[in-house]
Each structure stands twice: as C-alpha cells, then as structure tokens.
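Counting starts at 1 for both ligands and their atoms, following the listed order.
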Amino acid sequence: MIHTPLCDLLGIRYPVFQGGMAWVSEGKLAAAVSEGGGLGIIGAGNAPADYVREQVHVAKSLTDKPFGVNIMLLSPFADDVAKVVAEEKVPVVTTGAGNPSKYMKLWHEAGTKVIPVVPSVAMAKLMTRLGASALIAEGGESGGHIGELTTMVLVPLVCDATDLPVLAAGGIADGRGAAAAFMLGACGIQMGTRFLSAEECVIHPNYKEKIVKAGDLCTAVTGRRLGHPVRSLRTSFTRGYAKVEYTDISDDDLEALGTGALRLAVQEGDLENGCFLSGQIAAMVKQIQPAADIIRDVMEGAEEVLKGAGKWVR
Ligand code: TUI
C-alpha cells in the first residue's frame, strides 16, 4: 500500500487527485473518485457560480468523503465561484491558469485547503509563502491550458523550492508514471486524461472514443499567440486554428474561434468544430472503466514498480 503525507493531510486513502476539468468533471465524477479513495474535483471552468454550487450539492449528496473544486482563474465568474467555495466550506480548492493570491484569506477563513497549480518555481515559492497546503506541479504534457516546462523538469524543481507536499501532474496515466512521480519527489499525483475514460465521466461518447483510440502523436497545442496555449486532440478544429493562428487575423477573431469549442466537444461530441482537450498520455488510455478501478490500477501498478525500483543498483 502506498501512503504519503498527502493522505493524512486530506484524509484520503490514495494520494490521487482527479484534475478539475472544465465542462467535464461534474459532481458525479468527483464523488465517484472520492468514493474510490482519491480526491475528486469539480471543474468550474467558465461556468457561473450557481452551476458550481449545484455540482457541489450533487457531490455532497453522493459522498461523505472530501472532494474539491477547481477554479479556472481566467473565468469571468472566478470571484463568485471563489465565494461559493468558501460558503459551501468545500474541503479543498485547486486553482489553474493564474495567481489565486487574492482569494487565499477568504478560503483560509472558511477552513478550505488551497492547492494551486504552479507552472514555475517562482509561483511555487509565492504560494508556499501565502499558506497553500500543497502544490500541484503540472507539466506541459497535460491537456488544456499548459505552462512551459515538462513534468520531468518542473516536479523536482518545485520539490526543491518548497517544504509543502507536491503533486505531479501531466503525462501520468499508469503505475509507471505514478512511480516516476514519486521518484521525482512528489507525494501525490493528479490525472485528468485517464479519468476522461471513467464510466462516471459524463462526456459525449465520441469524446471517450477519441481518447481510447488516440495514438502517440495525437495532440496539438493551439493558442500560443494569445498567451494561453491549450493542448487538445488533433482534429479539424486544431488544423483550422493552426492554419490561421499566425496570419493577419485579429486577436479578437482568433479568440472567437475557440469560444464554445470545448462545450461542443463535451456535450455534442462535435467532431468538426469541437475542441477535445487531452493530455499526450491519451495514447495510453485504452479502456472505459469505473473511476475506483482506475485509481486502484494505477496505485497497485506504482507499488509493483517501486518494489522493483532497486533492480539496477549494485
Ligand atoms: O488550468 C489548467 N488547465 C486548463 S484551464 C482550461 S480552460 C481555458 N480555456 C481556454 C484558455 C485558457 C483556459 C483548460 N485547461 N491547468 C492548470 C494550469 N495552470 N496550467 C498552467 C497554469 C498556470 C499558468 C500561469 C498557473 C499559474 C499561472 O500564473 C501566471 C501568473 O503569474 O499569474
């Protein structure tokens, strides 16, 4: 059995987070992950506060175990969602795509543990100073909005920069990846893409099919020109975007190309216009299974790998 300080900090059986994915991780998936012994996380994305509150109630109705909400800080509703998290006394909040400093006091007063995604050493140090409970070091192999550094580089650098527990994210979907994360100094992992194939994940069947059929060169990054690079499956959407990204198209028109594309993928399974966010590791995701089985598979796999980790040592 793998047990780390993160398990004690949060009262969870396995040191595994399910990444808070916009439009994707609703209360049902988060509750299934928490019931399975990990930490399920509702993805607020660009959704209004009422929707997030509703999903928090769904999660509370399905599990007594701790769960979290992820706040996407570029959302126009981030301020309101931050308040909902405090009012509902959500046990854990994770943040992405920005700096959550201005909300830390509010969350701490509500007893909510703050676990930000940090894409750099500077952000790791700042969040440590401001009282974060742990940090998520997410490498650019991951799906959605990505930073510059890879998981292999970012995780040990962040571990060296903080005394807090660090979770590794980006490019992890099996026991080998989880074991490697522990070797880099992490004491937990976060997975997003692997949970896209969970039975309890409510995305359109076309989305799940694309994930389980994805190959090694399956993703592309769009949006670098606008300063927020996003990784998704190579589709007619990414090809169309790439064709115009470095032309004389205005920033507003480029931005408009992406607006609504994620919702089209998740809810309509729109193969033509949808943006199917995914990490590079989709190539390793081969079956649809319950969230609890995913967690168990990955952690039992990690245990096997770690038991054999000394095999080359003489
Ligand atoms: O946030 C994510 N992944 C996401 S957010 C998202 S929705 C979206 N859609 C279109 C454009 C942008 C977002 C889909 N996937 N992952 C966590 C993450 N956070 N990755 C990188 C960062 C990050 C980047 C900069 C965190 C902090 C940060 O700070 C910059 C600063 O100094 O303010």
Worksheet item: Nearest non-hydrogen atom to atom 22 (C) of ligand 1 belongs to which of G19, G227, A97, C275?
Response: A97
Worksheet item: Under a 4.0 Å heavy-atom limit, does L73 contact ligand 1 with its side chain, its backbone, both, or neither?
Response: neither
Worksheet entry | Nearest candidate to atom 16 (N) of ligand 1, where distance is taken over non-hydrogen atoms, out of E148, M127, E138 | E138
Practice prompt. Output the list of atoms in ligand 1 that are nearer than 4.0 Å to some heavy atom of G96, sorted by atom number.
Written response: 1 (O), 17 (C), 19 (N)
Practice prompt. Sorted by first residue and then second, give each salt bridge (charged side-chain N to carboxylate O under 4.0 Å, His left out) pair with at least one member in residues 164-187; sequence neighbours left out.
Written response: D174-R176
Worksheet item: More than 12 foreign heavy atoms under 6.0 Å from NZ of K208: is that the case here?
Response: yes
Fill in: Residue pair R194, Q289: steps toward the side-chain hydrogen bond (donor to acceptor under 3.5 Å, both in side chains) verdict
CA-CA 10 Å; R194 176 89 197 245; Q289 58 189 147; 2.4 Å; yes
Item to complete: Check each of M72, M21, H228 against atom 5 (S) of ligand 1 and report the one with the nearest heavy atom.
Response: M72
Worksheet item: Does K60 NZ have over 12 foreign heavy atoms under 6.0 Å away?
Response: yes
Worksheet item: Thinking salt bridges, do K105 and E109 make one under a 4.0 Å N-O criterion?
Response: yes
Worksheet item: Counting heavy atoms not belonging to D163, are there more than 12 under 6.0 Å from its CG?
Response: no
Worksheet item: Considering the options W23, Y207, F237, which one meets the ring-ring contact (aromatic ring centres under 6.0 Å, His included) requirement together with F276?
Response: Y207
Practice prompt. Check ligand 1 against N99 and write out every atom of the ligand that is under 4.0 Å from a heavy-atom position of the residue.
Written response: 33 (O)
Practice prompt. Report the member of M123, E255, Q190, H145 with the shortest heavy-atom distance to atom 30 (C) of ligand 1.
Written response: M123
Discussion item. Below 4.0 angstrom, counting only protein heavy atoms, does anything approach atom 3 (N) of ligand 1?
Written reply: yes
Discussion item. I need the nearest protein heavy-atom contact for atom 12 (C) of ligand 1: residue, atom name and distance, please.
Written reply: L74 CD1, 3.6 Å
Practice prompt. Go through the steps for E303 and K307 under the test salt bridge (Lys or Arg N to Asp or Glu O under 4.0 Å), then give the verdict.
Written response: CA-CA 6 Å; E303 210 172 313; K307 278 181 189 155; 3.7 Å; yes
Fill in: Pick from G144, G140, G98, P100: the one approaching atom 27 (C) of ligand 1 most closely through a non-hydrogen atom
G98
Item to complete: Would you mind checking which non-hydrogen protein atom is closest to atom 18 (C) of ligand 1, with the distance to 0.1 Å?
Response: V117 CG1, 3.4 Å
Practice prompt. For atom 9 (N) of ligand 1, grab the closest protein heavy atom and report residue, atom and distance to one decimal in Å.
Written response: V230 CG2, 4.6 Å
Discussion item. Do M72 and V69 land in one hydrophobic cluster if side-chain heavy atoms of ILVMFWY residues count as linked below 4.5 Å?
Written reply: no
Discussion item. Using a 4.0 Å heavy-atom cut-off, which part of P119 comes near ligand 1: side chain, backbone, both, or neither?
Written reply: side chain
Worksheet item: At under 4.0 Å between heavy atoms, which part of T95 makes contact with ligand 1: side chain, backbone, both or neither?
Response: neither
Worksheet item: Which residue pairs satisfy the salt bridge (charged side-chain N to carboxylate O under 4.0 Å, His left out) criterion with at least one member in residues 230-248, sequence neighbours excluded?
Response: none
Worksheet entry | Those atoms of ligand 1 less than 4.0 Å from some heavy atom in L277 | 14 (C)
